[in-house]
Amino acid sequence: MGLLRYTAIRALMIIPTVLILYTLVFIVLRVLPGNPVLAALGTKNIPEEQLQALMRELGLDKPLYVQYFDYLVNFIKGDMGKSMIIRGRPIASDIVDKLPATLELSIWSIIFSLIIGVGLGYLGARARSDRVKAIIRLTGSIVFVIFIPALGLSLQLLFSKYLGLLPTGGRLSTTGYFKPITGIYTLDALLRLDIPVFIDALKHIVLPALTLGLVISGPYMRLTLNNMEEIMESKMIEAYRARGVRDSKILRHAFRHVLVPVTTYTGLQFSLLMGGAVLTETTFNWPGIGTYLVDKVMYRDYTAIQAVIIIFAIIVGLTSLIVDILYALIDPRVRY
Amino acid sequence: MMRAQSIFTILKNKYISTGLIIVLVFVFMAILADIISLYSPVDPAGPPLQPPSRDYFMGTDNLGRDVFSRIVYGSRIMLMIVAIAVAMSGAIGTMLGLISGYLGGLLDRVLSFIMDSIYAFPSLILAISLSVALGASPINAAIAIAVVYVPTYFRMVRGQVLSIKNETYIEMAKALGLPSIRIVLKHILPHVTRTLMVVFSMNSADAILTEAALSFMGLTVQPPTPDWGFDLYKGRGFILLGYWWIMLFPGLSIPLLAVGFALISEGVSTLITARKR
Amino acid sequence: MEVLTVNDLWVKYYTISGIVSAVSGVSFKLRKSEMLAIVGESGSGKSTLGLALLNMVPKPGRIERGEVILDGVNILKSSPREIMKIRGSRISMVFQDPFTTLDPLRKIVDQFEEFLIEHGVDKTRARSIIKEYLEAVGLPERVMYSYPHQLSGGQKQRVSIAMAIALNPQVVVADEPTTALDVIVQKQIMDLVDSIKEKYKSSIVLITHDLALALERADTVMVMYGGNIMEYAGKTELYGNMKHPYTRGLFEALPRILQKTLPKSLPGNPPDLRYPPPGCVFHPRCEFAMEKCKSEKPPLIEVSKDHIVACHLYG
């Protein structure tokens, strides 16, 4: 019961956060001087009549505060507005199309970064030599400054161009017969028990997810190494030893303590991950919401940009909610 | 207060001195670009797509421009945008943090909530949207980056102010009837500066990556202006054909400069914790 | 008959700033259902000695030489596997701070059960042992299903004691078991330790900085200073016939209810054991120090039956 209440309250807390970001973006995109339609069309040579008609169609002729609330009400109803560029195309359907790709990339990236980061951090903590520890700590602080496109391009060059092992972009080689369920292809392939498609999807996701995963793995290395070392020197571990509990079990218990900060950090990490996803998607032509955003940016499609920002705000809010719940499940001391 | 001796201890810190060297090399490169570079950064210097050689020791790009010259001139744009952005967000964030933390009350709560919301949001995505709204140009990119990082300073400064505020000597200053502004400037700000230095250099590293990312999306400069991120974006089609040098050098310069700042930040923070002990 | 014999035990810490001689040539014997109190200030080496009894001196510490013979076996020579079996079942430990020694992420029953299963107890038997011993330390059965943070400090320490005695070990080492607790709980825990000694005939090594507690509860008292034994005697013998200047100093430093004046505190600080003073380690703080004390380490002298003192005053 306590957890449910806590979850409900935390879920409600997402709303003001999203509102603030929506307001900020609204101010920047609409209130600042400049006609968005002109900017979107990229030209000023358009008959005044046609411009007015277009403004009316997009609801831009109304007073700003009406636009502000109209969009909000429509958004709650699931209508994210229509593209300014491709006339009449509802943005909501675009987002439903693109979101699963970004989710798939994010999930695999987190998996990779946990394996790399927590793995190396754990090895570092177990290592006897101080030099190994220092190297892992240094790696941990350096990987995050890697520029994603540069790393992505290098991996593409190595694995696709020279070794010919992996594709350079896209999500699947053959899209013909495969019917997605959730839109997360690796999951869908498993659900349909389609192993060739699963392998194909996996081949496509490896490089993007590895790129993004590696860049965000640094903090995990340091977090794991430092916490693991600290815990192994704690009185709690001494007490376990004094009771004759064998080392392999002690390590497992110690590791559980490392998971607490790692989980919390994953929540903080998520906004970094989302930013990185935009760059990764661009580098690998990954048809997710990041490429969608960049695409719309190029054409100055304000309605779409506004919708994407709100979607990202909701995702960030939801993730921190999930992380808080996970945290409460791992650590019994957390009171909600 | 920085005596000669303390400057020596600061330089003796391995992280800080390495970081400083890296940053200074790029700064000098930017200042002395006209002298260092052998060719014009915007005009063809030779045949296109030449691999690194004695004449073009980072090779030439698809338009025959000297990659090294573009790296050298590119550091100007990069450092300029980052310096403007970090100075702006540092000044605004610190000021708002001081006011909000010192005054407290409703203003503090509202401001904190707004800042926390922005802070939690993916900074790159916000920066992209802001640059688009403002229009692609170096100065607008700097403004966009500045806005995105204001909360970083705000949160840190506000937290510090709250922890210092209730200490006795501040209470005493208040009791003596010193005006609020003087208390803030004379007593609180100096305490915040040390932590500010850590955040400042860490934030510069972040800003570099954000600038590179904005450039990679074509949101900072127009061709043919040399810019590391933009060059990477323009050259990526050729890179995958095997002309690796177009990517390698800008691809290395960005993280290297960022590492320089990150090392300074790391060093300063170890110095601070060491002093606390 | 002795359950535990310690012979000429030396422990050193190899730290970056120097080699610390934490325990220097300590020997003693512990009989069945005897309570030995090891008394000393912090830095006297008493806690290191306690850990050495379980052969678990932490890095960078090392047991240099000596024997710890438990039931006829020198556990310093046992293989890692054997020593794991011995710890917790034949010699166990209760630590100072019950707030940090239990795993906060796991229920009491899980920690307790894991420990029993590690020592070859099967699951059903483990459950009944847990219930039996929680009851023996005066805790309700439902404590089993609690997390440590749901218990009070005293309750946590009772849980630790329950685990320490559950496999009926010959020796229980209790390192400052009451220091982290408040006064009333301290008495309850010491009463519990007493009753356990009576009920299970365990031998107890009580490590404490509190001479009064040692004189009140223990059978035998060993006073340590700077890693060396200063004085070693039965409780009544020691109380009536305190010999060593250090022991007397500790005794005079105790607060007394009927005394009008403040207790005399011992002047000076414990020695830096990276550079122990030559001769008697205590001489820089000793009001009776002679020339001889500065150069010659005093041997352990038996002044009366089972009363040993390391001091030149009695040589």
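Order of the sequence lines fixes the chain letters, A, B, ..., with proteins taken first and strands second; residue numbering starts at 1 for each chain.
Note on B:Ile125, B:Leu248, B:Leu124, B:Leu252: by heavy-atom pairs under 4.5 Å with chain A, the leading option is B:Ile125. Between chain A and the options B:Ala213, B:Ser123, B:Gly229, the largest number of non-hydrogen pairs under 4.5 Å is found for B:Ala213. Between chain B and the options A:Val316, A:Leu153, A:Leu138, heavy-atom pairs under 4.5 Å are most frequent for A:Leu153. Between chain A and the options B:Phe261, B:Phe113, B:Tyr119, B:Phe121, the largest number of non-hydrogen pairs under 4.5 Å is found for B:Phe121. Between chain A and the residues B:Gly251, B:Ala262, B:Ala120, the largest count of heavy-atom pairs under 4.5 Å involves B:Ala120. Contact count versus chain B (heavy atoms, under 4.5 Å) is highest, among A:Leu151, A:Ile315, A:Thr283, A:Thr23, for A:Thr283. With chain A as the partner, the residue from B:Gly218, B:Ala136, B:Pro122 showing the most heavy-atom pairs under 4.5 Å is B:Pro122. Taking B:Pro255, B:Ser129, B:Gly242, B:Ala258 one by one and counting their heavy-atom pairs under 4.5 Å with chain A, the maximum is reached by B:Pro255. Most heavy-atom pairs under 4.5 Å with chain B: of the set A:Ala313, A:Ser160, A:Ala277, A:Ser320, this distinction falls to A:Ala313.
Between A:Ile20 and B:Ser117, the shortest heavy-atom contact is CD1-OG, 3.6 Å.
Residues B:Met217 and A:Thr282 form a side-chain contact, since some pair of their non-hydrogen atoms from C-beta on lies under 4.5 Å apart. When side chains are defined from C-beta on, B:Tyr233 does not count as touching A:Pro149, because their heavy atoms never get closer than 4.5 Å. Using a 4.5 Å heavy-atom cutoff, the side chains of A:Leu24 and B:Leu126 are in contact. In this structure the side chain of A:Val278 never reaches within 4.5 angstrom of the side chain of B:Phe216, judged on heavy atoms.
With a 4.5 Å cut-off on non-hydrogen atoms, B:Met202 touches chain A through its side chain but not through its backbone. Contact of A:Leu273 with chain B is not made at all, since no heavy-atom distance falls under 4.5 Å. Looking at A:Thr17, the atoms closer than 4.5 Å to chain B (heavy atoms on both sides) sit in the backbone and in the side chain alike. Neither the backbone nor the side chain of B:Asp116 comes within less than 4.5 Å of any heavy atom of chain A. Heavy-atom distances place the side chain of A:Tyr162, and not its backbone, under 4.5 Å from chain B. For chain B, the nearby part of A:Leu293 is the side chain; its heavy atoms alone come within less than 4.5 Å. In this structure, chain A has heavy atoms under 4.5 Å from both the backbone and the side chain of B:Trp244.
By the neighbour-count criterion of 12 heavy atoms within 6.0 Å, atom OH of B:Tyr15 is sparsely surrounded, having that number or fewer from other residues, nucleotides or ligands. Other residues, nucleotides and ligands place no more than 12 heavy atoms under 6.0 Å from the OH atom of B:Tyr243.
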* Run the numbers on A:Lys161 and B:Leu240 for side-chain contact (heavy atoms from CB on, under 4.5 Å), then give the verdict. => CA-CA 7 Å; A:Lys161 163 104 178 133; B:Leu240 289 180; 5.8 Å; no

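Taking CD1 of B:Ile128 as the start and CD1 of A:Ile305 as the end, the distance is 9.5 Å to the nearest 0.5 Å.
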